[in-house]
2 protein chains.
Amino acid sequence: MLIEVGERGATLDAVAARAGVSKGGLLYHYPNKEALVAALLDRFDTLAQEEIEAMKTAPEGAGVYFIKAAIWDGGPLDRSFVAATRLAEVAHSETQRRFARIQKQWLEVLTEELGEDLARAVRYMSDGLYFNAMLENGGGQAMDRAKTDAEVESLLRVLELVRGRS
Amino acid sequence: MLIEVGERGATLDAVAARAGVSKGGLLYHYPNKEALVAALLDRFDTLAQEEIEAMKTAPEGAGVYFIKAAIWDGGPLDRSFVAATRLAEVAHSETQRRFARIQKQWLEVLTEELGEDLARAVRYMSDGLYFNAMLENGGGQAMDRAKTDAEVESLLRVLELVRGRS
DNA sequence: GTCTATAAACTGATAGAC
DNA sequence: GTCTATCAGTTTATAGAC
C-alpha cells in the first residue's frame, strides 16, 4: 500500500481492505498503526542483512552484484526498501535511523572491494536506480524490464572501465 | 513544509501558520490545495529549466557542473526538487509526469557531452545524492557541508578517471 | 484582503457482540 | 479470531463578518 498509494493513502481502512479483513480484525493482529510499521521495518532489516551476506559471497564481486540487485524487480527487498523510503520521507525518525545503518553497512562491504571513491560512486548509482524506480513506479507494477536491464548494463560498463584504470 | 514534515504534515493549517496568515487567508490566494501544489510544480519547472541552460554553458562541463549542483545546499532548486519528490511519493501523478520530463532533459544534455553510458552513470549518482539528502534531511537544516563536499569530490574523481579512459 | 466559525468527510482507535 | 458500531480528533473547504 505504501508503494502504490503512498504513506497518506496507506490508512488502516485501506490496509485492512487489501488484506481482506476488517479494520477491527487488523487491529487485533497489530494493536496500533505504529506496530504495523515496526513489523515492516523488521522485515526490511532482515532482508537487508541477507543481502549483505549475499554481496560478500557473490562470485561476480560485491559491486557488480549490488548494482544488479538495485534493479526494480518487484522482489521482497525492493518492495521493503521503497516502502520504508515512503516512511522515511514523512520524517519517521526510527525509519531514518535504520536506513542510515543499512546504507553504512552496504558502503563498508563495497569499500573493501572497490576502495572509497568507487564504492561511494557505486552506492550512489544504486540509490539513483531506486530513486527512479520510486518515482516511476507509483502504480506498483514492474517497470519495463528490458529498459532497466539496458540501463544497468550501461552502469556496469562504466564500473568495469574504472576498475580497469584504478 | 513538505521538506520538513512531509506531505502528510503539510496541511493547510500548518502552511498558513508558517506563512503567517490564517487558513481562510491562505485559501483566498490559492482556492484549494491542488492550486498550491500546482504553483510549487511550476516553480520547480522554471528553476529546472534555468539549471539546464546553466549546464549547457558551464565552463567546467555539464557533467562536473551537474554533480556539484546535486549537493544539498538548501538553494531554491534543491528545495523545490525535494519538495516535489515528496509529492511524487504519494503517487501524485502530475508531479511524476513533470519529474520524468525534467530527468529526461538533464540526461540529454549530459549525453551530448559524455555519451550514453557515462551520462546515465552521472545522472544516477546525482539522483543518489538527492536520495540521501532526502533521507538524512528530514529536519530541513543544511547537511554537514564538509562531509558532502568530500563525497562529491570522490564522485568527481571517478568521473575524471572514466573520462580519461573512454 | 484577512479573519472566525462551521460544515462534511475521513482517520486512528476502542468497546463489545458473535 | 473477526466483526460492527461508535468516538474523538483532523483535514479540506465554505460562508459570511469586518
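Every value quoted in this text rests on a predicted model; they were computed, and no experiment measured them. Every chain is numbered from 1 and lettered A, B, ... according to where its sequence line falls, protein lines coming before strand lines.
- Here the nucleotide nearest the side chain of B:T11, chosen from D:dA13, D:dG1, D:dT11, is D:dT11.
- Closest approach to the B:L27 side chain among C:dT11, D:dA13, C:dG1 is made by D:dA13 (side chain taken as heavy atoms from C-beta onward).
- Between the OH atom of B:Y30 and the C1' atom of D:dA13 there is a distance of 17 Å, rounded to whole Å.
- Minimum atom distance to the side chain of B:V21 is reached by C:dC3, of the listed C:dC3, D:dA13, D:dT12.
- Checked for salt-bridge contact, B:E160 and B:R157 miss the test: no charged N lies under 4.0 Å from a carboxylate O.
- In summary, the side chains of A:Y130 and B:D127 do not present any donor paired with an acceptor at a separation below 3.5 Å, with no hydrogens or angles considered.
- Across all their heavy atoms, B:K33 and A:R8 have their closest contact at NZ-NH1, 3.4 Å.
- Every ring pair (Phe, Tyr, Trp, His ring centres under 6.0 Å) that B:F99 has, sequence neighbours left out, goes to B:F44, B:F81.
- Side-chain atoms of B:S22 lie closest to C:dC3 of the nucleotides D:dC3, C:dC3, D:dT12.
- Within the 4.0 Å cut-off from OP1 or OP2 of D:dT12, not a single side-chain nitrogen or oxygen of B:R8 is found.
- Checked against C:dG1, D:dA13, D:dT2, the side chain of B:L12 finds its nearest nucleotide in D:dA13.
- Distances were taken from every side-chain heavy atom of B:Y28 (C-beta onward) to each of C:dG1, D:dT12, C:dT11; the shortest belongs to C:dG1.
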